[in-house]
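Okay, so here's the structure we're looking at.
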Amino acid sequence: MLSKKKTLEALELMKEMYPDAEGELRAETPFQYLVAVMLSAQATDASVNKATPNLFEAYSTPHALAQADEADIRDLIRTIGLYKTKAKNIKKTAQEIDTTYQGQVPTTIKELMKLPGVGQKTANVVAGDLFNVPAIAVDTHVERISKRLRICKKSATLQEVETELMKKIPKEEWVLAHHTMILFGRYHCVARSPKCTTCPLIELCLEGQQRLKKQAN
DNA sequence: AAAACGGGGGC
DNA sequence: GCCCCAGTTTT
């Protein structure tokens, strides 16, 4: 597996490629950011950004969304995958935040995960981005990159990937590392045809070297 | 551990 | 057309 030192080297190279890594979801309030992240499950950020302005224009606060008709919410997010489940979940979550949390998005991963439709990944991203809670959300990009670089073993479970990353990256850098890896995975180390020939990390990447060797044959 | 949910986008 | 996408929930 890739050593701690080389993991940090790899991360530095990624940061040089994406120096201003941030989430790409648009939102004006913590609540809207939570909803945007919930909607982004198995959907592209672009498709979410297309729907959320209309949604938030109609229902901008937890209280407003909590009162909304579920069918109306559905219509506003119909262009996003899994829209039926998501409509139900964001309404329920809005109700819970409106009543149980006085309209404020809860600030801990544990509380966030109690909300319907919020799992570990959404909770980690939201807590990290909104409340500076040290967290690494292991989404599909982070998992793929961690395995290609052998930061963890290829057979690692999501939990094992997270543990390995937390072990090798200083806590203060978890949130930024997450965003940096997302962008690197989204635009360069893509799932199907990773751009290994132009990759600054090739010297550190076992799988990339194997891919190039295979290509040469 | 695997299936179900699910429309949109890249190739 | 097929595969993947800032996953969660149920089986």
Side-chain angles (χ1 to χ4, degrees), chain A residues 11 14 17-18 20-27 30-55 70-71 73-94 96 105-106 109-131 133-148 153-162 165 174-197 215:
Chain A
L11 207 49
M14 286 185 234
M17 297 174 75
Y18 305 98
D20 302 310
E22 279 178 33
E24 301 195 328
L25 293 171
R26 263 188 295 248
F31 174 69
Q32 291 179 4
Y33 187 65
L34 169 64
V35 171
V37 179
M38 290 177 72
L39 293 178
S40 73
Q42 293 299 101
T44 59
D45 47 0
S47 80
V48 173
N49 281 334
K50 204 157 49 178
T52 46
N54 294 329
L55 178 66
E70 197 178 307
I73 300 175
R74 262 210 304 269
D75 286 336
L76 286 166
I77 64 172
R78 197 174 286 283
T79 54
I80 302 176
L82 310 182
Y83 63 91
K84 286 182 199 161
T85 315
K86 287 173 182 175
K88 194 185 304 172
N89 284 338
I90 62 177
K91 177 174 159 99
K92 272 192 174 171
T93 285
E96 210 142 298
V105 177
I109 291 172
K110 202 172 164 187
E111 286 173 313
L112 285 164
M113 281 183 67
K114 286 185 195 159
L115 299 168
V118 178
Q120 177 129 39
K121 297 179 198 177
T122 300
N124 279 16
V125 171
V126 171
D129 285 343
L130 294 182
F131 309 120
V133 177
I136 298 179
V138 182
D139 53 53
T140 171
H141 293 309
V142 173
E143 178 183 9
R144 185 176 64 250
I145 290 162
S146 299
K147 291 185 176 180
R148 280 183 177 161
K153 56 186 181 189
K154 273 206 99 164
S155 60
T157 62
L158 291 182
Q159 188 53 65
E160 289 170 336
V161 179
E162 184 178 348
L165 287 168
W174 287 353
V175 173
L176 177 60
H178 161 77
H179 285 301
T180 304
M181 291 176 83
I182 295 284
L183 289 181
F184 180 61
R186 173 93 177 75
Y187 298 113
H188 199 92
C189 194
V190 295
R192 234 168 323 183
S193 304
K195 310 179 193 309
C196 300
T197 49
Q215 245 173 26

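Note that the structure is predicted; figures quoted are calculated from it, not measured. Just so it is clear: chains get the letters A, B, ... in the order the sequence lines come, proteins before strands, and each one is counted from 1.
Put simply, CE on A:Met38 is 15 Å from C1' on B:dC5, counting in whole angstrom units. Here the P atom of nucleotide B:dG7 and the NZ atom of A:Lys86 are 11 Å apart, to the nearest Å. Taking atom CZ of residue A:Arg78 and atom P of nucleotide B:dG6, one finds them 11 Å apart after rounding to whole Å. What separates CZ of A:Arg186 from P of B:dG8 is a distance of 17 Å, to the nearest Å. Rounded to a whole Å, the CG atom of A:Asp45 is 10 Å from the P atom of C:dG7. Rounded to whole angstrom, the span from the CG atom of A:Leu39 across to the C1' atom of B:dC5 amounts to 14 Å. Atom P of nucleotide C:dT9 and atom CE of A:Met113 are separated by 8 Å, given to the nearest angstrom. Going from atom OH of A:Tyr187 over to atom C1' of C:dC4 covers 15 Å, rounded to whole Å.
Base contact: A:Gly81 has a heavy atom under 4.0 Å from a base atom. The residue A:Ser193 sits apart from the nucleic acid: no heavy atom pair falls under 4.0 Å. Counting any heavy atom pair closer than 4.0 Å across all strands shown, A:Glu24 reaches a base atom. A:Lys50 comes within contact range of the sugar-phosphate backbone alone, with a heavy-atom separation under 4.0 Å but no base atom that close.
Nearest to the side chain of A:Thr79, among B:dG8, C:dG7, B:dG6, sits B:dG8. If you check C:dG7, B:dG9, C:dC5 against the side chain of A:Ala191, the one that comes closest is C:dC5. Of the candidates C:dT8, B:dG6, B:dG10, B:dG6 carries the atom nearest the A:Leu82 side chain, counting heavy atoms from C-beta on. Listed nucleotides B:dG10, B:dA1, C:dG7 differ in distance to A:Arg192; the shortest reach to its side chain belongs to B:dG10. Closest to the side chain of A:Thr85, out of B:dG7, B:dC5, B:dG9, is B:dC5.
In secondary-structure terms, DNA chain B builds stems of at least 3 consecutive Watson-Crick or G-U pairs, each pair having both distances under 3.5 Å, at B:1-5 with C:7-11, B:7-11 with C:1-5.
A donor-acceptor distance shorter than 3.5 angstrom exists from the side chain of A:Lys147 to the backbone of A:Ala156, with no hydrogens or angles considered. In this structure, A:His179 contributes its side chain and A:Ala21 its backbone to no donor-acceptor pair below 3.5 Å. With hydrogens and angles disregarded, no donor-acceptor distance shorter than 3.5 Å links the side chain of A:Arg26 to the backbone of A:Thr52.
By the 6.0 Å contact criterion, CZ on A:Arg74 is enclosed, its count of non-hydrogen atoms from other residues, nucleotides or ligands being greater than 12.
Comparing B:dC5 with C:dG1, their P atoms sit 23 Å apart, to the nearest whole Å.
Between A:Val138 and A:Ser146, every side-chain heavy-atom pair lies at or beyond the 4.5 Å cut-off. Contact of the A:Leu183 side chain with the A:Glu24 side chain is registered, since non-hydrogen atoms from C-beta on lie closer than 4.5 Å.
Phosphate proximity of C:dG7 to A:Gln42: present, with a side-chain N or O under 4.0 Å from OP1 or OP2. Within the structure, every side-chain polar atom (N or O) of A:Lys84 is placed at least 4.0 Å from both OP1 and OP2 of C:dT8.
With sequence neighbours left out, the salt bridge (charged side-chain N to carboxylate O under 4.0 Å, His left out) criterion links A:Arg148 to A:Glu207.
Of the residues near DNA chain C, A:Ala43 and A:Gln120, the one whose nearest nucleotide (by heavy atom distance) lies more toward the 5' end is A:Ala43.
Under the side-chain hydrogen bond (donor to acceptor under 3.5 Å, both in side chains) criterion, the residue pairs touching residues 110-123 of chain A are A:Thr108-A:Glu111, with sequence neighbours excluded.
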